[in-house]
Protein chains: 2
Amino acid sequence: MTQAVRHDAMRARNLALVLGEVSARGSVTRAALAEITGLAKTTVSKLVGDLIEAGLVVETGVVRAGERGRPGMEVRVSGERIAAIGLEINVDYLAAHVVDLARSVRLRRTQPVDNRMAQPGDVIANLQDLALSAVDEAVDIGLRVVGGVLAVPGTVDLATGTVRRAPNLGWRDVTPLPLPRLPFPVRVDNEANLAALGELWFGAGHRDFLHVSGEIGVGAGLIVGGEPFRGFHGFAGELGHVVVSPGGPPCRCGGQGCLERYAGQDALLAAAAGIEAGAGIAGLLARLDAGDQDALAACERAGWALGVALSSAVNLVDPGTIVLGGIYAPLFPWIGGVVTETLAARLGEMREVVPSVEVSRLGAEAATLGAAGQVIQRIIADPAGLLNA
Amino acid sequence: MTQAVRHDAMRARNLALVLGEVSARGSVTRAALAEITGLAKTTVSKLVGDLIEAGLVVETGVVRAGERGRPGMEVRVSGERIAAIGLEINVDYLAAHVVDLARSVRLRRTQPVDNRMAQPGDVIANLQDLALSAVDEAVDIGLRVVGGVLAVPGTVDLATGTVRRAPNLGWRDVTPLPLPRLPFPVRVDNEANLAALGELWFGAGHRDFLHVSGEIGVGAGLIVGGEPFRGFHGFAGELGHVVVSPGGPPCRCGGQGCLERYAGQDALLAAAAGIEAGAGIAGLLARLDAGDQDALAACERAGWALGVALSSAVNLVDPGTIVLGGIYAPLFPWIGGVVTETLAARLGEMREVVPSVEVSRLGAEAATLGAAGQVIQRIIADPAGLLNA
DNA sequence: ATATTTAGTCCATAACTTAGACTAATTCGG
DNA sequence: CCGAATTAGTCTAAGTTATGGACTAAATAT
């Protein structure tokens with residue numbers, strides 16, 4: 001339900017509007033902001049003043065030389081004070097990234113650990129250690145970390161912060177929150193959704209796309225108009241269990257012929273036979289570089305299956321673009337073509353434009369960046385809270 | 001981009017908030033509205049006063065007897081003045097429904113015509129005649145029709161109002177607007193989306209569901225949190241071309257094994273062999289009632305395919321409920337079971353709750369009701385415009 | 001009949017935005 | 001080098017809307 005709007009809410013919205021424009025444009029003068037937002041110069045000045053006082057925005061001091069008349073004083077979002085942390089628990093590593101309010105990545109910490117067999121409690125304790133040391137370092141460079149989000153490869157109940165199922169971690173109904181040693185609130189979210197948000201804020205600049213996270217499972221995050229689409233329970237984007245062939249190999253989801261059985265990491269490696277489990281994607285890449293026929297055929301098959309599943313996704317969800325991330329990023333040279341062709345064959349007659357298939361530039365960092373970015377985004381979208389704190 | 005909020009926008013939002021609550025609750029007192037919205041009593045009184053003056057709301061005159069104290073004067077949305085018209089062009093009929101601001105259906109006009117072979121211009125002229133006579137009748141009962149929406153079975157470019165492809169009408173890039181003889185603006189929209197909206201406002205009261213429109217093609221409309229999801233170009237919900245079996249029968253979309261080839265009206269009738277084209281669904285229903293084996297088998301197969309396609313849809317889009325409409329409504333007794341079972345088999349291991357599969361109560365009226373409802377909804381969501389007019 | 005309770009209105013006040021006057025700092029033209 | 005023109009930003013009085021509390025209205029309870 002929408003809320004009543006009083007004077008304070010009006011102010012909060014205009015504050016968010018101004019800060020949002022500053023954030024989107026890098027640096028702007030007050031006069032330009034007045035033009036853009038439609039607010040009166042007076043109002044913009046007052047709002048910018050408050051943002052400066054709160055430390056969210058700084059005058060660049062740089063006086064832009066225009067054509068004629070008094071030059072404007074540009075302001076930009078301050079990256080010097082406020083920051084957020086993105087955390088990730090994945091099958092074989094933990095990660096923490098600190099991002100400042102200006103969306104610069106300030107710290108990257110990754111710790112390889114095998115979390116397959118570990119107890120959730122131990123994993124969470126390790127993560128907390130990693131997060132704490134990252135926060136300490138952030139403090140050393142003058143940053144105040146005001147919030148965090150934790151990315152987990154599984155379905156998450158956003159309301160309670162409970163990880164419903166994370167099959168590759170062996171988790172079921174685990175609630176990692178709160179992380180009591182961290183002096184700020186942390187939320188939990190699904191890795192595929194966060195990776196899509198990472199692509200939105202730190203990637204190629206699309207605002208409408210489907211981001212495919214190839215890992216051991218295959219997930220997808222949909223961004224429409226710069227907003228994530230999550231579905232009713234928040235479990236949308238389970239691309240890995242979309243039907244490729246209804247009589248295909250059985251899947252742990254209970255179905256048969258799901259995409260994951262053709263294009264998930266395990267299926268892919270198994271199809272390319274002869275890659276020892278430990279070597280993982282690196283082993284596959286080596287053999288692809290060497291021109292190994294089995295490896296090429298495995299990618300061909302995975303790419304075809306991905307194309308089939310994505311054709312269903314395009315029909316249902318109509319994304320602007322498709323971005324392949326996770327393991328599909330390094331494999332893109334070998335699967336991108338088949339995916340595009342399969343998609344074109346299945347959609348070309350119905351649609352004027354078939355979404356283009358692109359490769360993610362972020363790789364494994366997408367989820368943590370999206371996680372930190374989400375905290376930043378919330379501040380940009382509603383700075384009123386921080387103003388009084 | 002969000003807009004600047006000034007005093008008038010603040011007012012407009014609060015006005016919408018109040019009218020929205022009145023609409024949602026049927027009738028309420030000013031005091032209750034103040035409680036619900038969080039606005040001060042004074043403010044609510046002023047806003048309600050303006051709504052009454054504009055004729056959007058009326059005092060019921062009924063004084064509700066409470067426990068103690070002065071009884072409140074209840075207000076409700078007025079159905080006496082303002083109305084909207086929903087129009088539909090379909091393969092074998094034209095339809096027009098007039099709905100008042102209180103969401104009561106005031107007029108139903110349907111005209112059977114075979115539009116398969118007709119020129120778009122002729123069809124549109126016929127529709128305009130139908131609409132005009134409906135509007136005249138509406139005027140006779142004291143209603144002012146302030147807007148309309150036209151439902152078309154095809155993909156629609158909402159920005160331009162152009163029907164991109166409506167294969168079953170044989171339309172391609174037809175722009176039916178404006179309808180110059182109608183004294184109010186009309187927009188065009190996709191039939192499946194509008195049917196879903198019809199289900200939302202006139203159906204069983206769900207706010208999160210996927211509505212499946214079985215016709216000659218198979219479309220779907222997704223409603224999340226009471227809002228339609230349309231995708232990037234507005235072409236989301238093409239359930240008919242979701243993959244059931246990637247090596248299956250070729251489809252006019254260029255793909256193979258699409259749902260439409262298993263569960264579309266033509267495929268269904270063909271599978272039940274021996275139903276002459278003219279008899280349509282009625283013929284099939286007659287044979288099902290008679291226990292005909294071929295007909296039963298055809299429904300079984302269609303239901304299975306629908307279940308397979310819907311399992312992909314649930315994984316991608318995570319709807320709260322699935323509502324089967326169009327031809328699937330009368331066929332529900334014969335396909336509902338298979339759909340549910342197929343869905344459960346393919347999703348049960350992954351999800352705690354599999355969305356329930358229900359039958360639409362609106363049948364063929366869903367799209368026109370949704371079309372008229374959309375105009376009503378816009379007024380409720382932003383009454384400020386009408387207030388000054 | 002009187003006290004109590006709840007609904008709705010009235011009025012002075014507060015919060016925010018605005019328009020327009022004003023000051024500041026630059027370029028252009030001679 | 002100086003004044004006119006131009007643009008940026010601030011200041012002030014005024015306008016719009018919501019609010020809180022006082023007030024009136026209309027019912028029930030005792």
Side-chain angles (χ1 to χ4, degrees), chain A residues 2-18 21-22 27-53 57-76 383-384 387-388, chain B residues 2-18 21-22 27-53 57-76 383-384 387-388:
Chain A
T2 39
Q3 276 299 308
V5 180
R6 294 131 215 223
H7 291 107
D8 56 338
M10 172 163 76
R11 186 128 214 287
R13 280 220 50 56
N14 287 336
L15 212 47
L17 181 66
V18 168
E21 288 301 334
V22 173
S27 54
V28 233
T29 63
R30 292 167 176 80
L33 283 169
E35 181 94 15
I36 294 162
T37 60
L39 292 165
K41 283 193 299 176
T42 315
T43 312
V44 171
S45 277
K46 219 180 292 176
L47 293 171
V48 169
D50 287 0
L51 290 170
I52 288 175
E53 200 181 349
V57 147
V58 285
E59 293 188 325
T60 54
V62 178
V63 177
R64 186 203 51 161
E67 1 263 64
R68 201 140 102 147
R70 171 176 168 180
M73 174 72 86
E74 291 195 319
V75 294
R76 61 166 173 77
L387 228 87
N388 309 328
Chain B
T2 39
Q3 278 298 308
V5 180
R6 294 135 218 226
H7 292 105
D8 55 337
M10 171 162 76
R11 187 130 214 289
R13 284 222 39 61
N14 287 336
L15 212 46
L17 181 66
V18 167
E21 288 300 334
V22 173
S27 54
V28 233
T29 63
R30 293 168 175 79
L33 282 169
E35 181 93 16
I36 293 162
T37 60
L39 291 165
K41 283 192 299 177
T42 313
T43 311
V44 170
S45 278
K46 218 179 295 177
L47 294 171
V48 169
D50 287 359
L51 290 170
I52 289 174
E53 199 181 349
V57 147
V58 284
E59 293 188 325
T60 53
V62 177
V63 178
R64 185 204 52 162
E67 0 263 63
R68 203 142 101 147
R70 171 178 169 179
M73 175 71 87
E74 292 196 316
V75 295
R76 61 167 172 77
L387 227 90
N388 310 328

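Each chain gets a letter, A, B and so on, in the order the sequences are listed, and its residues count up from 1.
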In this structure, how many angstroms lie between the [atom2] atom of [N] and the [atom1] atom of [X], rounded?
X: B/Gln3; N: C/dT17; atom1: CD; atom2: P; result: 15 Å
X: A/Arg13; N: D/dA18; atom1: CZ; atom2: P; result: 17 Å
X: A/Glu35; N: C/dT18; atom1: CD; atom2: C1'; result: 16 Å
X: A/Ile52; N: D/dT10; atom1: CD1; atom2: C1'; result: 14 Å
X: A/Met10; N: D/dG15; atom1: CE; atom2: C1'; result: 11 Å
X: A/Asp50; N: C/dC16; atom1: CG; atom2: C1'; result: 12 Å
X: B/Leu33; N: C/dT9; atom1: CG; atom2: P; result: 12 Å

[Y] and [X], any side-chain heavy atoms less than 4.5 Å apart:
X: A/Leu47; Y: A/Leu33; result: no
X: B/Val28; Y: B/Glu21; result: no
X: A/Leu39; Y: A/Val18; result: yes
X: B/Val5; Y: B/Arg13; result: no

*Does a side-chain N or O from A/Asn14 land closer than 4.0 Å to OP1 or OP2 of C/dC16, or not?*
no
*With respect to the phosphate group of D/dT19, does any side-chain polar atom (N or O) of B/Thr43 fall under 4.0 Å of OP1 or OP2?*
yes
Proximity to the side chain of [X] - top-ranked nucleotide from [options]:
X: A/Arg30; options: D/dA18, C/dG8, D/dT10; result: D/dT10
X: B/Ala31; options: D/dT28, C/dA19, C/dG8; result: C/dG8
X: A/Arg11; options: C/dT9, C/dC16, C/dA25; result: C/dC16
X: B/Arg68; options: D/dG9, C/dT5, D/dT19; result: C/dT5

Between the protein and nucleotides 10-13 of chain C, which nitrogen or oxygen pairs come in under 3.5 angstrom?
unit_1: C/dC10; atom_1: N4; unit_2: B/Thr42; atom_2: OG1; d: 2.8

*Which heavy atom in A/Ala34 sits nearest to a heavy atom in A/Ala40, and how many Å separate them?*
CB-C, 4.4 Å
_Here's a test for you: under side chain to side chain contact (heavy atoms under 4.5 Å, CB included), which of B/Glu59, B/Met73, B/Glu74 qualifies with B/Thr29?_
B/Glu74
*Under-3.5 Å donor-acceptor pair between B/His7 side chain and D/dT17 base*: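 Per atom types, no contact qualifies.
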*Of B/Arg70 and B/Arg6, the one whose closest DNA chain C nucleotide lies more 5'*: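 Counting from the 5' end, the first nearest nucleotide belongs to B/Arg70.
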*Partners of A/Thr42 by side chain to side chain contact (heavy atoms under 4.5 Å, CB included), sequence neighbours excluded?*
none
